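Here the structure is laid out as structure tokens; the discussion comes afterwards.
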Amino acid sequence: MRPETRLVHEGRPSEGPLSAPLELAANFRDWGYAREDGTSTWRALESAVGALEGGESVAFSSGMAAISAVLEPLPVGARVVGPAVGYTGVRMLLAERAAAGRIELEEVDVTDTDTTLRACEGAALLWAESPTNPLIGVAELDRLIEGAHAAGAEVVIDATFATPLLLRPLELGADVAVHSATKFIGGHSDLMLGIATASDPERVAALRHARASLGATPGGLEAFLALRGLRTMAVRLERGQASAAVLAERLASHPAVAAVHYPGLPSDPGHDRAARLMDGFGAMLAFEVAAGAEAAQAVAERVRVIVHATSLGGVETLIERRARYEYEATPEALLRLSVGVEHVEDLWADLERALNGGH
């Protein structure tokens, strides 16, 4: 079955109710704690995502919980190659561990393949995103994974922006794929949940152990909602991706826009890589306002249909100037746009009015 069909049918009960029911339980008769062994709702979600990814998935209370669990087994002093520009939570966590002497960190531009591979010499782990947050850069994952493994490093890929529909890192040889299921998998901005997937049984066991020992377990309702959201991810992503392509083209020709970052544009540096490694260009884009940071912030505050808020991957279109956060290493005038399922002409009318200074 194709991925769009698998996400509808995987993780369903073999008998009884058609949909996996919500199981709320902390403990079980003659068994143990849900913290250690999970619930049927967790397992249904993990089964469905694992089938998409081509591995075994472990659900966590948030994306950051999944990230922390992946990093937990690293020995003190391990050398980690991480993104110089990427998800702020990961960058801050890696920097904090480096400052505490737990790891040695080297930050790189993961879209620069040769530089990244040179940094992997002697490293224990390469952590990369593709597409990257918030610049929507595309890493040359096949070369990075092969080269990092040759250097003795394990590879973790955060493919949240792509979803398992567009990019499956395990198929390219990655050791772990990570997703913030808060985003496209859940798809409705109403839950927090993370998922890590691996194909090696020992690594899967380590992830489950870290979840139990750190207490990073997902809520039953959150797992239920994430699984329900997963069922419609293909149609949501199809709509958002189609609209993102239209918006990117129009933004690229608007006089108030200095640059557009979207791999679906033939002129984008990541276009050829995305066409080769991904099954689509995604519903995330970014653009830089020519007049600078203050003008970009004003655009974000003028929109009315689009929501000025953080996060991404929901049914509603969201816009945000990421550089307003102190730790964000991005262009000051860059706006990140997560494209939802609204009519594209309504989205464009809203953006165009905001760019033209309207209210």
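Note that the structure is a prediction, hence the values are computed from the model and not measured.
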With a sphere of 6.0 Å drawn around NE2 of H149, does it hold more than 12 non-hydrogen atoms of other residues, nucleotides or ligands? yes

Exceeds 12 heavy-atom contacts within 6.0 angstrom, atom CD of E36: yes

Surrounding CZ of R228 (heavy atoms of other residues, nucleotides or ligands, distance under 6.0 Å), is the total greater than 12? no

Working for side chain to side chain donor-acceptor pair (under 3.5 Å), residues R43 and S47: CA-CA 6 Å; R43 289 190 291 273; S47 174; over 6 Å; no

Assess whether atom CE of M192 is packed by more than 12 heavy atoms of other residues, nucleotides or ligands within 6.0 Å. no

Whether the R211 and T217 side chains hold a donor-acceptor pair (N or O, under 3.5 Å, no angle test) is what I'd like checked. no

Compute whether any side-chain donor of one residue and acceptor of the other, for T41 and E23, lie under 3.5 angstrom apart. no

Strictly below 4.0 Å, N to O, side chains only: are E342 and R239 in salt-bridge contact? no

Under 3.5 Å donor-acceptor, T132 side chain and T111 backbone: no

For a salt bridge (charged side-chain N to carboxylate O under 4.0 Å, His left out) check, start with the C-alpha distance between E56 and R208, then their side-chain angles and the critical distance, and finish with the verdict. CA-CA 11 Å; E56 189 170 350; R208 294 193 185 281; 3.4 Å; yes

Between the side chain of R12 and the main-chain N/O of L18, is any donor-acceptor distance below 3.5 Å? yes

What residues, two or more places apart in sequence or in another chain, satisfy salt bridge (charged side-chain N to carboxylate O under 4.0 Å, His left out) together with D142? R276

Mind listing the closest non-hydrogen atom pair of C120 and A148 along with its distance? SG-CB, 4.0 Å

Sole candidate of E328, E320, E326 that passes side chain to side chain contact (heavy atoms under 4.5 Å, CB included) when paired with R324: E320

Is there a donor-acceptor pair under 3.5 Å between the side chain of S130 and the backbone N or O of V138? no

Examine the side chains of H188 and E316 and answer whether a donor and an acceptor come within less than 3.5 Å of each other. no

For residues T310 and R322, is any side-chain donor paired with an opposing acceptor at under 3.5 Å? yes

Taking OH in Y33 as the centre, count heavy atoms belonging to other residues, nucleotides or ligands within less than 6.0 Å. Is the count above 12? no

Just checking H254 against F287, ring centres under 6.0 Å apart? no

Would you please say whether a donor-acceptor pair under 3.5 Å links the side chains of E140 and T113? yes

Any side-chain donor-acceptor pair under 3.5 Å between E288 and H261? yes

Under the side chain to side chain donor-acceptor pair (under 3.5 Å) criterion, do H179 and E53 qualify, and how do the steps go? CA-CA 11 Å; H179 288 272; E53 292 275 33; 2.8 Å; yes

Is it true that atom CD of E238 has more than 12 heavy atoms of other residues, nucleotides or ligands lying nearer than 6.0 Å? no

Please report the shortest heavy-atom distance between A123 and A119, naming the atom on each side. CB-O, 4.2 Å

